Amino acid sequence: MILKARHALASVALLALTASPVLAQTPACGGDLGAFLQGVKAEAVAKGVPADVVDRALAGAAIDQKVLSRDRAQGVFKQTFTEFSKRTVSKSRLDIGEQKMKEYADVFARAEKEYGVPAPVITAFWAMETDFGAVQGDFNTRNALVTLAHDCRRPEMFRPQLIAAIEMVQHGDLDPATTTGAWAGEIGQVQMLPEDIIAHGVDGDGDGHVNLKKSSPDAILTAAKFIQSLGFKAGQPAIQEVSVPEQLPWEKTGLQPGMKASDWFALGVKPRNGDTAFGNLEASLVLPQGRKGAAFLTYPNFNVYLEWNQSFIYTTSAAYFATRLGGAPTYEGGNPEPGLDDTGMKALQTKLQTLGHDVGKVDGILGSGTRAALQKEQLRLGRPADGWATLELLNSL
């Protein structure tokens, strides 16, 4: 997902670069930018990147305060599933997605043959990440990674990405001065980080380079290879819309192991498309807005979506998007009870903490930890434990 910056750019001049003979003397993060970049140069050279390439890659590097501002105030998914999915899985996107699958039919056929990933899965990510390449981000990628690697909040994540970006410069696949992308360093039409591009990049158009910004064949095949690496199983679904009966062991719902699809079918859960062929697969019954709203069975391939993006609302919407591109109808939204607003959700999380539950950060997001804690309290109160937060439930606590 591409996010928009809120603060102005402030840059720091880069000091002259020389390789440090002793990496241990250079701080892993923070401190003088020039000294930090000396350490980065030494590490890249030790990995086999020529010193002149590293100098070219880091020449003019600067700290981008917009990146730090974005990192400190990341956008989060506080919309309901209904709100978010209706906005992202729009008719326009579905129409364009169908056009793209026809336009690149040969490339998608290759992706499925070589990596086992069908066109709708790739196309859904392509749409949700950048609107098929239309919105790829305008942050200088090199500077974004320098900023996040130098910052001491998550250097263990971003320093390797900076080294990988330097390797991409060596391969001719990244221009340090002009390549732009998302604030966190993701590049191209499917928004991937440099390490993943190096590990899974595919030259789909045969020009000798992996260019995820401009080449749709490169983006499609690279995404397919990456999705396969995350554990995608060919021929298996990720998500399936279902209807649910009035009575169920609601405490078993949510993203938790222990049930097979056939177990849910035996309890009265019915696939909307009537397909019970995957009854032998492990399956979770997810209720994004409680038992009165939309309901889905998620299969092992759903974990791939969670690996791509850990937001439950994003992943459920992306997996649903793929089913729509594959011919499924719009889901039946039911009539869910109104959820809590941001203030109410934070009050609920605080109350759950006082009751001894670990909900993580009090952030106003109905995430997996909050849902699990809520189910325990619903069960204790003798209510259907569907993990959906309502005002009535908050008041009862």
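Bear in mind that the values here come from a model prediction, so they are computed numbers and not experimental data. FYI, side chains are in, hydrogens and waters are out, and symmetry mates aren't considered; it's all heavy atoms of this structure.
Judged by distance alone, the side chains of Y299 and Q236 never bring a donor and an acceptor atom under 3.5 Å apart. Side chains of T316 and Y305: no donor on one and acceptor on the other come within 3.5 Å. Side-chain contact annotation: Q136 with T180, donor-acceptor N/O pair under 3.5 Å absent. Side-chain atoms of S215 and D205 form a donor-acceptor pair, as typed in the model, at a separation below 3.5 Å. At a cut-off of 3.5 Å, with distance as the only test, a side-chain donor of R324 or T330 sits close to an acceptor on the other residue. Side-chain contact of Q161 with E195: a donor-acceptor pair under 3.5 Å is present, judged by distance alone. Counting only N and O atoms by type, the side chains of E337 and W388 include no donor and acceptor under 3.5 Å apart. A donor atom on one side chain and an acceptor atom on the other are found under 3.5 Å apart for Q189 and S216.
N303 places no side-chain N or O within 3.5 Å of a backbone atom of E307 that could act as its donor or acceptor partner. In this structure, the side chain of Q240 does not engage the main chain of P237 through any donor-acceptor pair within 3.5 Å. A donor-acceptor distance shorter than 3.5 angstrom exists from the side chain of W264 to the backbone of A283, with no hydrogens or angles considered. No donor-acceptor pair closer than 3.5 Å links the side chain of N143 to the backbone N or O of D64. In this structure, D218 contributes its side chain and G204 its backbone to a donor-acceptor pair below 3.5 Å. In terms of modelled atom types and a separation under 3.5 Å, the side chain of S284 and the main chain of L255 share no donor-acceptor contact. Side-chain atoms of Q349 come within 3.5 Å of backbone atoms of I365 as a donor-acceptor pair (strictly under, hydrogens ignored). Judged purely by atom type and a 3.5 angstrom limit, E282 has no side-chain atom pairing as donor or acceptor with the backbone of M259. Checked by atom type and distance alone, the side chain of R371 pairs as donor or acceptor with a backbone atom of L366 at under 3.5 Å. Side-chain N or O atoms of R291 include none that pairs as donor or acceptor with a backbone N or O of W250 at under 3.5 Å.
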If you apply the rule side-chain contact (heavy atoms from CB on, under 4.5 Å), what do you find for Y331 with S85, and how did you get there? CA-CA 10 Å; Y331 64 79; S85 63; 2.8 Å; yes
Go through H200 and Q228 one step at a time and tell me if the side chain to side chain donor-acceptor pair (under 3.5 Å) criterion holds. CA-CA 10 Å; H200 307 291; Q228 181 196 52; over 6 Å; no
I would like to know whether D386 and Q378 meet side chain to side chain donor-acceptor pair (under 3.5 Å); could you show each step before the answer? CA-CA 8 Å; D386 61 359; Q378 288 174 317; 3.1 Å; yes
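Within the model, atoms CE of M345 and OG1 of T370 stand 7.5 Å from one another, a figure rounded to the nearest 0.5 Å. Note: W183 CH2 to N140 CG = 15.5 Å, rounded to the nearest 0.5 Å. Atom CG of L348 is separated from atom CG of L393 by 6.5 Å, given to the nearest 0.5 angstrom.
Here the side chains of L397 and R380 are in contact, with some heavy-atom distance below 4.5 Å. Under the 4.5 Å side-chain criterion, counting only non-hydrogen atoms from C-beta, T179 is not in contact with R142.
A salt bridge links R383 with E392: at least one charged nitrogen is closer than 4.0 Å to a carboxylate oxygen. The pair R154-D71 meets the salt-bridge criterion, with a side-chain N (NZ, NE, NH1 or NH2) lying under 4.0 Å from an Asp/Glu carboxylate O. Electrostatic pairing of E251 and K376 does not count as a salt bridge here, judged by no charged N lying under 4.0 Å from a carboxylate O. Salt-bridge formation is detected for the pair D95/K91: a Lys NZ or Arg NE/NH1/NH2 atom is positioned less than 4.0 Å from an Asp or Glu carboxylate oxygen. With respect to the salt-bridge test (charged N to carboxylate O, under 4.0 angstrom), the residues R56 and D52 do not qualify.
Aromatic ring orientation, F81 versus F296: perpendicular (interplanar angle above 60°, classes split at 30° and 60°).
Annotation: W308 is not in aromatic contact with Y314 [ring centroid separation under 6.0 Å not met].
In the hydrophobic clustering, where aliphatic and aromatic side chains (Ile, Leu, Val, Met, Phe, Trp, Tyr) are joined below 4.5 Å either directly or transitively, L379 stands alone.
Both cation-pi conditions hold for K66 and F139: the charged atom is under 6.0 angstrom from the six-membered ring centre and inside a 45 degree cone around its axis.
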